[in-house]
> 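Please read through the structure below; I'll follow up with questions.
Throughout, protein chains are lettered first and strands after them, A, B, ... in sequence-line order, and every chain is numbered starting at 1. We use all heavy atoms of the structure for the numbers below, so side chains are in, but hydrogens, waters and symmetry mates are not.
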There are 2 protein chains.
Amino acid sequence: MANIQQVAKQAGVSVATVSRVLNGQNKVASRTKQKVENAIKELNYEPSMLGRNLRNSESRIMLILIPAISNPFYFEIIKGIENMALSQNYSILLCETDSRPEKEDIYFDLVRKKMADGIISMDPAVNIETLKELAEKYAIIQCSEYGGGIGIPYVTIDSEEASYRAVKHLIQIGHRKIALMNSDEKFSYARERKAGYERALAEYGLPVIDDYILYTQQLGFEYGQQAMKKILALPDRPTAVFAVSDLLAIGALKELNAAGIHVPNDMAVVGFDKIDFSNMTNPTLTTIAQPMYKMGAIAARMLIDLLRGEQVDSVVLEHELIIRESTSG
Amino acid sequence: MANIQQVAKQAGVSVATVSRVLNGQNKVASRTKQKVENAIKELNYEPSMLGRNLRNSESRIMLILIPAISNPFYFEIIKGIENMALSQNYSILLCETDSRPEKEDIYFDLVRKKMADGIISMDPAVNIETLKELAEKYAIIQCSEYGGGIGIPYVTIDSEEASYRAVKHLIQIGHRKIALMNSDEKFSYARERKAGYERALAEYGLPVIDDYILYTQQLGFEYGQQAMKKILALPDRPTAVFAVSDLLAIGALKELNAAGIHVPNDMAVVGFDKIDFSNMTNPTLTTIAQPMYKMGAIAARMLIDLLRGEQVDSVVLEHELIIRESTSG
DNA sequence: AAAAGAAATGAAATCGATTACATTTTCATA
DNA sequence: TATGAAAATGTAATCGATTTCATTTCTTTT
């Protein structure tokens, strides 16, 4: 547990010199450098980040806000963030908010108290007012979900277009009665995906039927199962379902299975996100793939740039429709 | 961005008094306290944890080491850890090691450099020598997986017994040819689960057949699929499979499905962990439930106790066999 | 009203680094 | 060899809190 003073003493130099050796920037005579390095070895010295961080007024920690760690959608994004962060000597503090403001606030406090330098928010349920306020003093990036028009840079995909393509695909393979399994429209992605759904229907002159639009409280299997139960109870049952999340779609598949309804012959299903599990279901799930790793990496890069005081612009990434068994028997 | 000095000045008191108000322990006259609190409000002051942490020589961050964030097994454990940590004013730094020593080392460095106070390791692939060495100077708890006999406290379940019960269940419903889908035996849980498997077989006078014991490199769906492919290619095909992880079991189910083999009639399957997905498969998966939330909470509690310099003892928690469709058609 | 004891407050050291500025050393050149 | 510029090194302030010990203020008691 040696500190820089002791190293300096041992090496017979000043702490400034030790610090210079540590950071390798200023020139130090190689003989001196050697002495210092020996002292470091002998004392088993590890520089304390507490001291360094205080002096530099930074924590080199970035906060990642996600609604639920159990949604696999975030895995690859997190990986992308983490790798970029590590490469720039940042660590990530992963915060599951459960979409609860109190919990959110605990973590926001870490930023206010300098324990974290900035935030990447992926929580659609984040309190946008608080976020806006924080953004005035701290670096914040929105990833995947974003509250538009509030001046916080974001990286995301074009949800409306993705949704449009998914529904168009269903129409093109012959479906006319297509249900939408959406989540709460307070989330921008939900509004956009609905817009894409409606645009596709409109393009083919199909009516938007209220009964075909379901809203789920959350994005879990159970909610997909429940929603599918309601769909099956409909008098004029649709022949296809587009769910705005793979988790919902998988819950729906489960319910269809239980009801003995064949997918895709009796009912086609499309999901969204291309989580790993979507390839393990029976049938495998047609879905929209987002460039998640890339999205994460870009978000981290943007945050770091922001922290450096650079100007950063929002980014919209490409997506892809992955056609699998649930729409093509 | 006010600091404690400015608050003191504004309130017309010394920094010591401000600090006392902040920490609420020492007695401060209520009039003074009021003045300080007003100053804090007026200046919008937030105490910096950088300063506090340096002075207190602690970071109030605990490191959580997991091999892969994509294994749902860890979700509830992490929740348990997080909640306990937050309640004690700790934050958690989640580290996915990918079972790569370099990455492990990046995170270990955070501990050496005082950026984290202690570690909860859940990585079976962790370098046990490094861990042992670190444990001499820092607080470390092993959770779920543990390297025995090295004096690092752990919390886990009795894997041998759990495995024994799972296999016994298969035997009791009539199976005689039972395959084991295990992971690498360098992991203690793998060795223990194999031991339980063998004990159950022995108890019923069944032979241990080498061909029936498969090893997978990792615990992902794909590995379960591959392993099941091998099993299906066996000349004398077993009638049941016990997989040491739900992910493997789900991959196996997928492969069985693809091969048109009925589960459980033609082949019964048992998993391990009771992850959420295990209830979404068709058929639903019989599995061993671990008290994951509790395990996490206890691990965090143990780590905090350790950091306080208290004596902590290892804990073994209960498990439960959950019988579902994959073993009872 | 004075003295003693308790309560409140303050001054200054401390945690462990970085860095601006000052000083010393080195070395080429005249 | 003296000189001056360049290179190396050192001194001390600083980041923002906590805390020990000293001092001041307030109560209580006689």
Side-chain angles (χ1 to χ4, degrees), chain A residues 1-40 43-61 89 109-117 137, chain B residues 1-40 43-61 89 109-117 137:
Chain A
M1 304 296 184
N3 62 17
I4 198 172
Q5 310 278 354
Q6 299 171 37
V7 173
K9 195 170 171 189
Q10 170 94 357
V13 300
S14 74
V15 292
T17 302
V18 177
S19 176
R20 283 190 269 258
V21 171
L22 250 34
N23 296 298
Q25 47 221 33
N26 287 279
K27 36 227 151 175
V28 176
S30 62
R31 249 176 51 86
T32 318
K33 193 172 167 191
Q34 200 49 248
K35 280 195 295 181
V36 172
E37 278 166 352
N38 289 340
I40 289 177
L43 296 178
N44 233 308
Y45 167 73
E46 295 273 359
S48 157
M49 304 206 71
L50 296 175
R52 169 179 303 179
N53 287 346
L54 172 60
R55 173 60 214 226
N56 293 346
S57 297
E58 62 171 10
S59 63
R60 294 204 88 79
I61 285 182
N89 271 300
D109 256 2
L110 291 181
V111 180
R112 299 195 187 97
K113 298 192 171 162
K114 312 270 164 53
M115 199 61 229
D117 293 339
K137 299 176 71 178
Chain B
M1 306 294 184
N3 62 18
I4 199 172
Q5 310 277 353
Q6 300 172 35
V7 172
K9 193 171 173 189
Q10 170 94 356
V13 299
S14 74
V15 293
T17 301
V18 177
S19 176
R20 283 191 269 258
V21 170
L22 249 33
N23 296 297
Q25 46 220 34
N26 287 279
K27 34 221 146 187
V28 176
S30 60
R31 250 175 52 85
T32 319
K33 192 172 166 190
Q34 200 49 248
K35 280 195 297 180
V36 172
E37 278 166 352
N38 288 341
I40 289 177
L43 296 178
N44 233 307
Y45 167 71
E46 295 272 359
S48 157
M49 304 207 71
L50 295 176
R52 170 178 301 178
N53 288 346
L54 172 59
R55 173 59 214 228
N56 293 346
S57 297
E58 62 169 12
S59 62
R60 295 204 87 80
I61 285 182
N89 271 299
D109 255 2
L110 291 181
V111 180
R112 299 196 187 96
K113 297 192 172 161
K114 312 271 163 53
M115 200 61 228
D117 293 339
K137 300 176 70 177

> Return yes if some donor-acceptor pair links the side-chain N/O of A:D109 with the main-chain N/O of A:R112 below 3.5 Å, else return no.
no
> Could you please name the option among D:dA17, C:dG16, C:dT9 that lies closest to any side-chain atom of B:P47?
D:dA17
> Tell me the interatomic distance from B:M49, atom CE, to C:dG16, atom C1', rounded to whole angstroms.
17 Å
> For B:N56 and B:E58, indicate whether the former's side chain and the latter's backbone hold a donor-acceptor pair under 3.5 Å.
no
> Rounding to an integer number of Å, can you tell me how far A:N3 CG sits from C:dC15 P?
8 Å
> Just jot down the side-chain contact (heavy atoms from CB on, under 4.5 Å) partners of A:R20, sequence neighbours excluded, or say none.
A:A16, A:T17, A:N26, A:V28
> Report, as a single string ordered 5' to 3', how protein heavy atoms within less than 4.0 Å touch nucleotides 18-23 of chain D: B base, S sugar-phosphate only, - not at all.
BB----
> When rounded to the nearest 0.5 angstrom, what distance separates OG in A:S14 from CD in A:Q5?
10.0 Å
> Please step through side-chain contact (heavy atoms from CB on, under 4.5 Å) for the pair A:K35 and A:N38, ending with a clear verdict.
CA-CA 5 Å; A:K35 280 195 295 181; A:N38 289 340; 5.6 Å; no
> Between C:dG10 atom P and B:K9 atom NZ, what is the distance in whole Å?
15 Å
> Which distance, rounded to the nearest 0.5 Å, do you find between the CD1 of B:I61 and the CG of B:L110?
8.5 Å
> Quick one: A:Q5 CD to C:dT14 P, roughly how many Å, whole number?
11 Å
> Mapping B:K27 and A:S48 to their closest nucleotides on DNA chain C, which lands nearer the 5' end?
B:K27
> What is the distance from CD of A:E46 to P of C:dC15, rounded to the nearest Å?
19 Å
> Can you check the B:L54 CG to C:dA13 P distance for me, whole Å?
17 Å
> Which whole-number value in Å describes the distance from B:K35 NZ to C:dG10 C1'?
12 Å
> Measure CG/A:L43 against C1'/C:dG16 and give the value in whole Å, please.
15 Å
> If only side-chain N and O atoms of B:S14 are considered, is one of them under 4.0 Å from the OP1 or OP2 phosphate oxygen of C:dG10?
yes
> Contact class for A:L50 vs. all strands (heavy atom < 4.0 Å): base, sugar-phosphate, or nothing?
nothing
> Once you round to the nearest 0.5 Å, how far does OG1 of B:T32 lie from CD of B:E37?
11.0 Å
> Which nucleotide sits closest to the side chain of B:A29: D:dC15, C:dT9, D:dA8?
C:dT9
